[in-house]
Number of protein chains: 2
Amino acid sequence: MNTREKILTTAAFLFQKNGYHATGLNEIIKESGTPKGSLYYYFPNGKEELVAATIKLMGDKIQHQIEEELAKNSDPVQAFKEFILDLARDFNEKDHENCFSISLLALETVSMSESLRKTCIEVYDLWTDIYYHKLVDSGFSSEKATELSSILQLMIEGAITVSLIRNDTTMLVAAAEKIPILLDNN
Amino acid sequence: MNTREKILTTAAFLFQKNGYHATGLNEIIKESGTPKGSLYYYFPNGKEELVAATIKLMGDKIQHQIEEELAKNSDPVQAFKEFILDLARDFNEKDHENCFSISLLALETVSMSESLRKTCIEVYDLWTDIYYHKLVDSGFSSEKATELSSILQLMIEGAITVSLIRNDTTMLVAAAEKIPILLDNN
DNA sequence: GTCTATACACAGATAGAC
DNA sequence: GTCTATCTGTGTATAGAC
C-alpha cells in the first residue's frame, strides 16, 4: 500500500466515523504514519480535496458491495431484504468499518461547500441507480423503479442512521421486513 | 427574551444547521449579541452543556409540533400523510429553520460523547412515542404500533436527511405517498 | 518524493474588573 | 449578572532541507 493509499484509507475511516470537522489532519497523518508533507504533496488543496477524494472512494467501494449483494438473489424482494439484513450483520463489526453510509459527511457538507455537497449527491445517485436497474431487470416499469429506488435509498439511509445512533441493528432488521409490502403493492 | 434564551435559540439554530464541531462559541455569542461571560455564566460546563440544552429544547419544540399536526386528522393514514407533507412545506423556509431533524447533531455525538448520544436517543424516543400513541388510539395493537412507529420514525428521518442533502422536497412527498401501503397492510 | 519545523488563525476556556 | 482581555491548545497550511 503506497503513501497516497494509506492517507486515503485512514482519512476515509476517520471522516466517516467522526465527521469532517471533528477529524484533524494531524490525526490522519499520525494514524496513517505518513508525514504531513506527503499529504500536501498528494492533495495540494488540503483538507477539502482530501475529503472529496475519500467520499468518491467510499462511494465506489460501497457501489461494488451493493452490486455484489443484490446479484445474489434474482427475486428483487429477496435480494433487497437479504441486502439489508447483510448490512445489519456487517454493522456489528468494530467501529462500523463497513458501514454503508456517508450521511454524516453529507449532512456536514450541506452547509459548508456546494461542490462537496454535489460530490455526495453523485455518490447517492450511483447507489440509487443500482437499485433502479435491479428493479427494472426484475420487470418493474421505469416509472415504478424510479420511485421505488428512491424510497429504498431513503429507508436504507434512515435505518443505518437510526442504527448508528442507537447502536442497535433492530431498525435495519425491521426495515428489511418491510421490503415485501413496499415492493409487492405495485 | 432574556440572555439565556437568546444564547439558547441562537445556538440551537447554528448547531442544527452547521453541526456541533462547525459551530464556534464565538459565532454563537456574536450572532446572539451576548458576551462570552454570560454564556459561561449560564452554561458553566461550556460547549457540551450548551449543546445538550439545545438538543432538549429542539426535542420539546418539535414534540409539540408533531402532536399538533397529528391531532388535525383522526384517521392515522391521513394524519401521518399530512404531517409529512407539512414537513415538505416548512422545508422551503429560509435556512430550514423549522426542520424536524437533529440527525447531524445525533450522528456527530455518536463518536464523541456517550451522554450526548443518550440525550439524542431520549429525544427520538419522545417523538416515536407520539407516533405510537397515535397508532394505538387509532386501533392498532400495541405490538403493531411499536413496530410501525419505529418504521415511521426511520422513514421521516431518512426523507428529511435526503431532502436536506439534495435541497429538494421530492423525497418527503414520495415518502408521504407510501404511508397508506405502510399502514394498511396490517 | 519525503520529512520536519514552524507560521498563523481561531478554538474553547478563564480571570477578574465592573 | 455583565463584560472584555487574555491564556493555552490545536487546527490548517507552508517553507525549505534532504
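Chain naming here is simple, since letters A, B, ... match the order of the sequence lines and numbering starts at 1 in each.
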A:I28 CD1 to D:dG11 P, straight-line distance once rounded to whole Å = 11 Å
Tell me, which pairs form a salt bridge (Lys or Arg N to Asp or Glu O under 4.0 Å) where one or both residues lie in residues 59-84 of chain A, sequence neighbours left out?
-> A:E69-A:K72, A:K81-A:E177, A:E82-A:R89
Any A:T34 side-chain N or O less than 4.0 Å from OP1/OP2 of C:dT2 = no
When you measure from the side chain of A:W127 to the backbone N and O of A:G59, does any donor-acceptor pair fall under 3.5 Å?
-> yes
Just by distance, do the side chain of B:S113 and the backbone of B:T109 share a donor-acceptor pair under 3.5 Å?
-> no
Per the under-4.0 Å heavy-atom filter, residues of residues 4-18 of chain B near DNA chain D come out as none
When you check every protein heavy atom under 4.0 Å of nucleotides 12-18 of chain C, what one-letter string (B, S, -) results, 5' to 3'?
-> BBB----
So what does A:Y42 hit on the nucleic acid, given a heavy-atom distance under 4.0 Å: a base, only sugar-phosphate, or nothing?
-> sugar-phosphate
side-chain contact (heavy atoms from CB on, under 4.5 Å) against A:S111, all qualifying residues, sequence neighbours excluded = B:K17, B:N18
What is the distance from CD1 of B:I29 to P of D:dA5, rounded to the nearest Å?
-> 12 Å
Any donor-acceptor N or O pair under 3.5 Å, side chains A:S142, A:Y132 | yes
Could you give the CG-to-P distance, from B:L39 to D:dT2, as a whole number of Å?
-> 12 Å
Fit a plane to each ring of B:Y131 and B:F80, take the angle between them on a 0 to 90° scale, and name the class: parallel (under 30°), tilted (30 to 60°) or perpendicular (over 60°).
-> perpendicular
Side-chain donor/acceptor pairs under 3.5 Å, residues 22-31 of chain A, sequence neighbours excluded:
{"unit_1": "A:T23", "atom_1": "OG1", "unit_2": "A:L14", "atom_2": "O", "d": "3.3"}
{"unit_1": "A:T23", "atom_1": "OG1", "unit_2": "A:G19", "atom_2": "O", "d": "2.6"}
{"unit_1": "A:N26", "atom_1": "OD1", "unit_2": "A:K36", "atom_2": "NZ", "d": "2.6"}

Whether B:E122 side chain and B:K56 backbone form a donor-acceptor pair below 3.5 Å = no
Heavy atom of residues 107-118 of chain A under 4.0 Å from DNA chain D: which residues?
-> none
Look at A:T3 and C:dT2 and indicate whether a side-chain polar atom (N or O) is within less than 4.0 Å of OP1 or OP2.
-> yes
Measure from CZ on A:F43 to P on D:dT12 and round the result to the nearest Å.
-> 15 Å
A:C120 to A:A106 - nearest heavy-atom pair and separation | SG-CA, 3.7 Å
So, for B:I160 and B:S101, which heavy atoms are closest and what is the spacing to 0.1 Å?
-> CG2-CB, 3.6 Å
So, for A:L135 and A:P76, which heavy atoms are closest and what is the spacing to 0.1 Å?
-> CD2-CB, 4.4 Å
